[in-house]
Amino acid sequence: MVVSTLNAVFKRELVLAFRQKSELLQPVMFFILVISLFPLGVGPGPETLQKIGPGVIWVAALLSALFGLERIFRDDFADGTLEQQMLSGIPLSLVVLLKVAAHWLVSILPLIVVSPLLSLFLNLTSAMYTALLATLLLGTPLLSLLGAIGVALTVGVRKGSVLLSLMLLPFFVPLLIFATAAVEAAALQLPYNGQLALLGALFLLALALSPVATAYALKVSQN
Amino acid sequence: MRSCPGLCYYSAQFFPNYQVHKLALLDANNLTCCKSDRVLFQQLSLSLDVGDILHLQGPNGAGKTSLLRILVGLSQPQSGCVNYQHTSIEQSNDFAQQLIYIGHKPALNPALTAIENLTYWAQMHGVSLLSDIWQILSDLGLAGLEDIPVSQLSAGQQRRVALARLWIKPAKLWVLDEPFTALDVNAIDMVQQKMQRHAQQGGAVILTSHQPVDMMHNIKVLIMEYQWL
Amino acid sequence: MWKWLHPYAKTERLYQLSSTLLPWFSIAALLLLISGCVWGLMFAPADYQQGDAARIMYIHVPSAILSMSTYAAMAIAALIGIVWQIRTADMAVAAIAPTGAMVTFVALFTGAAWGKPMWGTWWVWDARLTSELILLFMYLGVIALYNAFEDKQQAGRAAGILALVGVINLPIIHYSVEWWNTLHQGASITKLSKPSIDPAMLWPLLINLLGFACLIASLSLAALKNEIIRREKHRPWVQQLVSDI
């Protein structure tokens, strides 16, 4: 029974995302726009762009992900679906995990899909892009998992979106450091397995702790 | 039961000795609820038997909704406990199975249709008989509105969709927060009859309502007073 | 009877405890800081490389060390509040956070002021300074979250969760920043690079460290007293207290 229920949760998230396409496109547009602004701001020199490229893409990805993050629980909290979910007897942390997965699929994966275009904009070499892609694939789920805790904490607060960034951005520092370090290592043709392994370890840690913390935070928000 | 002067008093219909009921479906002992560091109510005990309909009354802000949310386990009381069939609701295995809670918020996603919302809810709560959802909705006067987004329904129609849950899930205990808001006379009558039948068939209902609920024979009333401490 | 008095009695008792402890910590902080600062700033020998500028160390090092410990103290209070559902522990989180933010700010400010004569600029992305900066943001996040809620009971619980998530992240952030720093700057500038410190300099430093700890404790206790009064102002005991004054 639990499996079919969780299946229903996942399906519903996808249906909702499909119905609210425009809301989902906005973070992607933002992502592309911010990155297009950088050559205008720092000058079009290919070497400069290549040097700052990985960092710029990662910072832009962090910010655009933060924009879409509230979607995870905002609507469900506002219309009372969350209450019903808590009373259904299904462990809340499992539901949270699925919602985070669905959210990653519909609002973060598009960012990764457009990233080849942006790496062209910023003149990344193909080795750098491979590393960037690997860090994005490993790092953004971590971002969603950590973000879910923040959203769960601020879901009951009016105008919580600035607060959300204030709370979450410090936690993303290690992610940013390891991810850009991997791309820089790739640029110098050095191995970057170590950085990827660190990202993977952080991801596993978040995977273990975040659903529990998020479920608890949601319960506090309901109180 | 401790008397709480000026805080909550019970009408004569409401029996005070809550502890000794074999049939007690739900009982709450010495609940204290604090909101914003103030005591909303304290030392509140109640017991609900099979066949009971309990009507919570009181002015706005008296803590009716807070009490209901504590009774279903959505919020935690400052002290005291709630038991379902003599087991704490947190440990009880079938409490979730036997409960329908309908709160102020209708739990309907405005972008989804009535059918989608209810199907999702039914799956969530482990109810499998989905074939008669269409019949239930048309009985509730929603024929033809099943597959348009809920956001396009009127407040009363949305409330009907929310209340359709009472027909979908077989559960013993119903906890309804202001179920009659925005409903027309017809629909109120339908829901009241449904509650009556439910009580007669071995269920129990707790509801809050500012409308008089007059037709039910075995109704009990708990009056809560507004008091910030 | 006792059970329903429990929540009241607790805050009241904590208030009394804080009132008893506060003067002791304040006096200790005052004495220690005066003696430590006078000793350190006037009598201790100047650093042979950095001259008198290094004397800012007597403020910077204790505040930098204690900014992290204060976060740990806040997280312990948060853990107590969450595990045992104790409301006063959540109040302590709210009281410690602004104190911690202030100490972190002092560490950052003195670090920048020390950087000017040493490195020639006010700000260098040195690993320790960067860690302190992020720590300050984490304190501000806890404070902002606490203030965002109208129901302070909920606010305390939420801030507690954030503090706990933060304390798990703190070592990760700290080491990642250190690693990032060595990656980008080679051998980075470390401030206490000498393996041992002259005892004549160590003593005033230790006295100031203790003095700062007492100062943080007394500021947190004062904030806790305010927090209790603010949140319990409708309770009879607070009204009794006010009428007694």
Side-chain angles (χ1 to χ4, degrees), chain A residues 1-24 70-99 102-103 106 152 155-157 215-223, chain B residues 33-36 65-66 68-78 84 89-90 92-113 115-128 130 149-151 158 161-162 165 168-169 171 173 175 177:
Chain A
M1 189 197 103
V2 174
V3 175
S4 72
T5 314
L6 295 180
N7 192 14
V9 174
F10 199 69
K11 226 192 254 167
R12 175 173 176 271
E13 294 295 314
L14 296 187
V15 170
L16 276 174
F18 185 73
R19 300 254 164 98
Q20 300 163 340
K21 282 188 252 8
S22 62
E23 208 177 323
L24 286 179
E70 271 197 320
R71 273 182 51 87
I72 303 186
F73 301 121
R74 187 195 52 202
D75 291 350
D76 282 357
F77 181 82
D79 67 22
T81 307
L82 201 59
E83 290 171 4
Q84 294 295 341
Q85 240 146 23
M86 286 176 171
L87 296 176
S88 69
I90 310 284
L92 189 59
S93 45
L94 275 181
V95 177
V96 162
L97 190 60
L98 269 170
K99 287 180 86 75
H103 174 266
V106 297
V155 79
V157 176
Y216 187 79
L218 283 175
K219 276 181 191 144
V220 169
S221 296
Q222 283 290 349
N223 231 329
Chain B
C33 171
C34 293
K35 279 278 141 93
S36 305
T65 297
S66 301
L68 290 190
R69 292 175 68 87
I70 288 175
L71 289 180
V72 299
L74 278 175
S75 1
Q76 277 67 48
Q78 193 75 27
Y84 177 76
I89 52 169
E90 277 145 38
S92 171
N93 291 323
D94 52 352
F95 181 62
Q97 272 309 307
Q98 294 300 336
L99 170 76
I100 298 179
Y101 168 77
I102 298 177
H104 275 293
K105 300 175 182 171
L108 302 170
N109 190 302
L112 298 177
T113 68
I115 286 288
E116 282 168 331
N117 269 308
L118 290 177
T119 312
Y120 173 68
W121 184 83
Q123 280 172 319
M124 204 68 212
H125 287 250
V127 185
S128 51
L130 300 172
V150 167
S151 57
Q158 290 189 10
V161 177
R165 297 189 173 106
I168 292 173
K169 180 179 171 183
L173 179 64
V175 179
D177 199 354

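Below, chain A is the first sequence line, B the second, and so on; all start at residue 1. Since the structure is predicted, the reported quantities are computational estimates derived from the model, not experimental observations.
Here A/Gln84 contributes atom CD and B/Asn117 contributes atom CG; the two are 11.0 Å apart, rounded to the nearest 0.5 Å. Rounded to the nearest 0.5 Å, atoms SG (B/Cys34) and CG (A/Asn223) are 11.0 Å apart.
Among A/Lys219, A/Gln85, A/Glu83, A/Met86, the residue with the largest count of heavy-atom pairs under 4.5 Å with chain B is A/Glu83. Comparing A/Thr81, A/Val220, A/Leu82 by how many heavy-atom pairs each has under 4.5 Å with chain B, the most go to A/Thr81. The choice from B/Pro149, B/Ser75, B/Ala162 that makes the most heavy-atom pairs within less than 4.5 Å of chain A is B/Ser75. Between chain B and the options A/Arg19, A/Arg12, A/Gln222, A/Lys11, heavy-atom pairs under 4.5 Å are most frequent for A/Arg12.
The contact between B/Leu74 and chain A is made by backbone and side chain atoms together, counting heavy-atom distances below 4.5 Å. Heavy atoms closer than 4.5 Å to chain B are found in the side chain of A/Val15, but not in its backbone. With a 4.5 Å cut-off on non-hydrogen atoms, B/Tyr120 touches chain A through its side chain but not through its backbone.
Considering every non-hydrogen atom in both A/Leu16 and B/Asn109, the closest pair reads CD1-ND2, 3.4 Å.
Under the side-chain contact (heavy atoms from CB on, under 4.5 Å) rule, A/Leu87 has a single partner from B/Val72, B/Ile100, B/Val175, which is B/Val72.
In this structure, B/Lys105 forms a cation-pi arrangement with A/Phe77, its terminal cationic atom sitting closer than 6.0 Å to the ring centre and no more than 45° off the ring axis.
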Test side chain to side chain contact (heavy atoms under 4.5 Å, CB included) on A/Val9 and B/Met124; report intermediate values, then the result. CA-CA 8 Å; A/Val9 174; B/Met124 204 68 212; 4.1 Å; yes
